[in-house]
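Proteins come first, then strands; the chains are lettered A, B, ... in the order of their sequence lines, and each starts at number 1.
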Amino acid sequence: MPELPEVETSRRGIEPHLVGETILHAVVRNGRLRWPVSDEIHALSDKPVLSVQRRAKYLLLELPDGWIIIHLGMSGSLRILPEDYPAQKHDHVDLVMSNGKVLRYTDPRRFGAWLWAKELEGSNVLAHLGPEPLSDAFSADYLREKSAKKKMAIKQWIMDNKLVVGVGNIYASESLFAAGIHPDRTAQSLSYAECEILVKTIKAVLLRSIEQGGTTLKDFLQSDGKPGYFAQELQVYGRAGEPCKACGAPIVTSKHGQRSTFYCRHCQH
DNA sequence: CTGGCAACCTGGTGGC
DNA sequence: TGCCACCAGGTTGCCA
């Protein structure tokens, strides 16, 4: 479920329930995630939450002596629940709060992560990440310069976290469609004008999805249990064989790396 | 350094 | 109903 808009939606959903409250302790039912849940998380006790932040697709809970770093992987989600709410099969981690609620992490595929870092700068997972897509650092000048010698397909390149973070498989296809750029184009082949358009459409697509509360695919729910509504606005993702909303030609699908790509042959060049 | 791709894990779907 | 192949929102790590 989680691309950047889903993570930001989760962040906004949980923040008011955590900041100013105290984590009494954690309950780790299954610590075998992408990496083992950090020892410091098992050992949490009586720590106030100072802030809830986000970097790329990582959620960052600031405590007085360090940071809880959470990644939702492919199938993870976070909800705020009453502390006596029964745990289900894939509910792997709870943070039990002083306000009678729990932050519950559910992740069937266990590709997610719960890590601890004393300082964010010392975190392996956050090192080497590119700029945030919604920041001024992600600009046409930047994209053009970084792409000058890249022969990689632009679809794969915009999904590379070293270039820019937060553009996942759904929004890569959606952004390229909105920009009218064919996903097979090499990164270095984009003109400056195309870099400008692509940067602009990536920001617009992500912002719009955040406004809509993320994309509902399979079972993504916001932290209050409501669905995200961006799926209704998807132009190409998951629409193979259906008519392009702009020209009526059938949307086609292909692969870049191991990931499905969706595009319109007529509208994207 | 780059690019390609297998791997991590579970569940849902569609074909036979 | 059963079995099996294949698909899925992300990221790392190993290989050539």
Side-chain angles (χ1 to χ4, degrees), chain A residues 1-11 29-37 54-59 69-78 88-93 105-115 123-130 133 146-176 184-188 202 205-206 209-210 212-223 227-241 253-262:
Chain A
M1 47 195 75
E3 290 213 26
L4 186 139
E6 287 74 18
V7 177
E8 179 59 22
T9 296
S10 296
R11 191 196 68 75
R29 298 186 192 79
N30 187 345
R32 290 171 304 143
L33 304 181
R34 159 133 222 175
W35 300 283
V37 170
R54 178 186 62 72
R55 172 76 173 105
K57 294 173 187 166
Y58 295 92
L59 285 167
I69 301 174
I70 302 169
H71 198 289
L72 302 178
M74 294 269 259
S75 59
S77 63
L78 290 167
Q88 309 285 307
K89 186 174 180 188
H90 301 296
D91 294 345
H92 305 311
V93 181
Y105 174 73
T106 306
D107 186 3
R109 291 174 75 179
R110 286 192 282 118
F111 282 6
W114 278 68
L115 302 173
S123 163
N124 295 330
V125 294
L126 300 181
H128 317 301
L129 289 177
K146 293 284 281 188
S147 304
K149 292 174 186 169
K150 269 285 164 187
K151 294 189 169 65
M152 183 181 280
I154 189 65
K155 160 74 170 10
Q156 273 188 280
W157 184 220
I158 59 175
M159 292 178 66
D160 189 326
N161 282 339
K162 293 191 289 299
L163 175 71
V164 60
V165 301
V167 181
N169 200 38
I170 296 177
Y171 300 109
S173 282
E174 291 295 313
S175 300
L176 287 167
D184 290 343
R185 290 273 300 282
T186 61
Q188 64 179 3
I202 286 171
V205 166
L206 292 176
S209 182
I210 290 169
Q212 295 291 302
T215 301
T216 301
L217 281 179
K218 301 263 165 70
D219 53 359
F220 176 73
L221 296 177
Q222 303 182 37
S223 56
Y229 290 100
F230 191 73
Q232 298 166 15
E233 297 187 16
L234 293 176
Q235 304 295 304
V236 290
Y237 185 85
R239 298 190 64 242
T253 184
S254 64
K255 291 264 184 191
H256 289 92
Q258 305 162 94
R259 319 302 299 281
S260 295
T261 302
F262 299 86

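With sequence neighbours left out, A/R185 forms a side-chain hydrogen bond (donor to acceptor under 3.5 Å, both in side chains) with A/S189, A/E194. Legend: residues meeting salt bridge (Lys or Arg N to Asp or Glu O under 4.0 Å) with A/R29, ordered by chain and number and at least two apart, are A/D94. Every residue two or more places apart in sequence or in another chain was checked for a side-chain contact (heavy atoms from CB on, under 4.5 Å) with A/R34, and none qualifies. Residues passing the side-chain hydrogen bond (donor to acceptor under 3.5 Å, both in side chains) test with A/H90: none are found, sequence neighbours excluded. Taking A/Y171 as the reference, A/E6, A/S209, A/T215 meet the side-chain hydrogen bond (donor to acceptor under 3.5 Å, both in side chains) condition, with sequence neighbours excluded. Every residue two or more places apart in sequence or in another chain that forms a side-chain hydrogen bond (donor to acceptor under 3.5 Å, both in side chains) with A/R55 is listed here: A/E132.
A/H90 places its NE2 atom 16 Å from the C1' atom of B/dC8, with the value rounded to the nearest Å. As a whole-Å value, the separation of A/K155 NZ from B/dG4 P is 13 Å. One atom, CG of A/L59, and another, P of C/dG10, lie 15 Å apart when rounded to the nearest Å. In this structure, the CG atom of A/L163 is 12 Å from the P atom of B/dG3, given to the nearest Å. Atom NZ in A/K255 sits roughly 12 Å away from atom C1' in B/dC5 (whole-Å rounding). What separates CG of A/D91 from P of B/dG11 is a distance of 13 Å, to the nearest Å. With rounding to whole Å, A/M74 atom CE is found 5 Å from C/dG9 atom P. In this structure, the CD1 atom of A/I210 is 15 Å from the C1' atom of C/dG9, given to the nearest Å.
Between C/dT12 and B/dG11, the two C1' atoms lie 23 Å apart (nearest whole Å). B/dG12 and C/dT11 have their C1' atoms separated by 23 Å, with the value rounded to a whole Å. Atom P of B/dC9 sits at a distance of 23 Å from the matching atom of C/dC3, rounded to the whole Å. B/dC5 and C/dC7 have their P atoms separated by 15 Å, given to the nearest Å.
In this structure a side-chain-to-backbone donor-acceptor pair under 3.5 Å is present from A/Q235 to A/E233. Remark: the backbone N or O of A/Y237 is not paired with any side-chain donor or acceptor of A/S173 at under 3.5 angstrom. A donor-acceptor pair under 3.5 Å is formed between the side chain of A/E3 and the backbone N or O of A/I170. Checking side-chain atoms of A/T253 against main-chain N and O of A/T261 turns up a donor-acceptor pair under 3.5 Å.
With C/dG10, B/dT2, C/dA8 as the choices, the nucleotide that has an atom nearest any side-chain atom of A/K150 turns out to be B/dT2. Closest approach to the A/R109 side chain among B/dG4, C/dG9, B/dT10 is made by B/dT10 (side chain taken as heavy atoms from C-beta onward).
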Distances for protein N/O vs nucleotides 11-15 of chain C N/O pairs under 3.5 angstrom?
| residue | atom | partner | partner atom | Å |
| --- | --- | --- | --- | --- |
| C/dT11 | OP1 | A/H71 | NE2 | 2.6 |
| C/dT11 | OP2 | A/K57 | NZ | 3.4 |
| C/dT11 | O2 | A/R34 | NH1 | 2.8 |
| C/dT11 | O2 | A/R34 | NH2 | 3.3 |
| C/dT12 | O4' | A/R34 | NH2 | 2.8 |

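Among the heavy atoms of the strands, none lies under 4.0 Å from A/K149. Residue A/K162 is out of contact with every strand shown, counting any heavy-atom pair closer than 4.0 Å.
For B/dC9, the base has no donor-acceptor partner in the side chain of A/R110 [N/O atoms by modelled type, under 3.5 angstrom].
An OP1 or OP2 oxygen of B/dC1 is reached within less than 4.0 angstrom by no side-chain nitrogen or oxygen of A/K151. Here A/S260 does not reach the OP1 or OP2 of C/dC7: none of its side-chain N or O atoms lies under 4.0 Å away. Note on A/Y171: every side-chain N or O is 4.0 Å or more away from OP1 and OP2 of C/dG9.
Stacking annotation: A/F111 is stacked on the base of B/dC8 (ring centroids less than 5.5 angstrom apart, interplanar angle below 30 degrees).
Paired runs in DNA chain C that reach 3 or more consecutive Watson-Crick or G-U pairs, where each pair keeps both distances under 3.5 Å, cover B:2-8 with C:10-16, B:10-16 with C:2-8.
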Tell me which donor-acceptor pairs under 3.5 Å the side chains of residues 159-169 of chain A have, and how far apart each pair is, sequence neighbours excluded?
| residue | atom | partner | partner atom | Å |
| --- | --- | --- | --- | --- |
| A/D160 | OD1 | A/K162 | N | 2.9 |
| A/N169 | OD1 | A/K155 | NZ | 2.8 |
| A/N169 | ND2 | A/S260 | O | 3.1 |

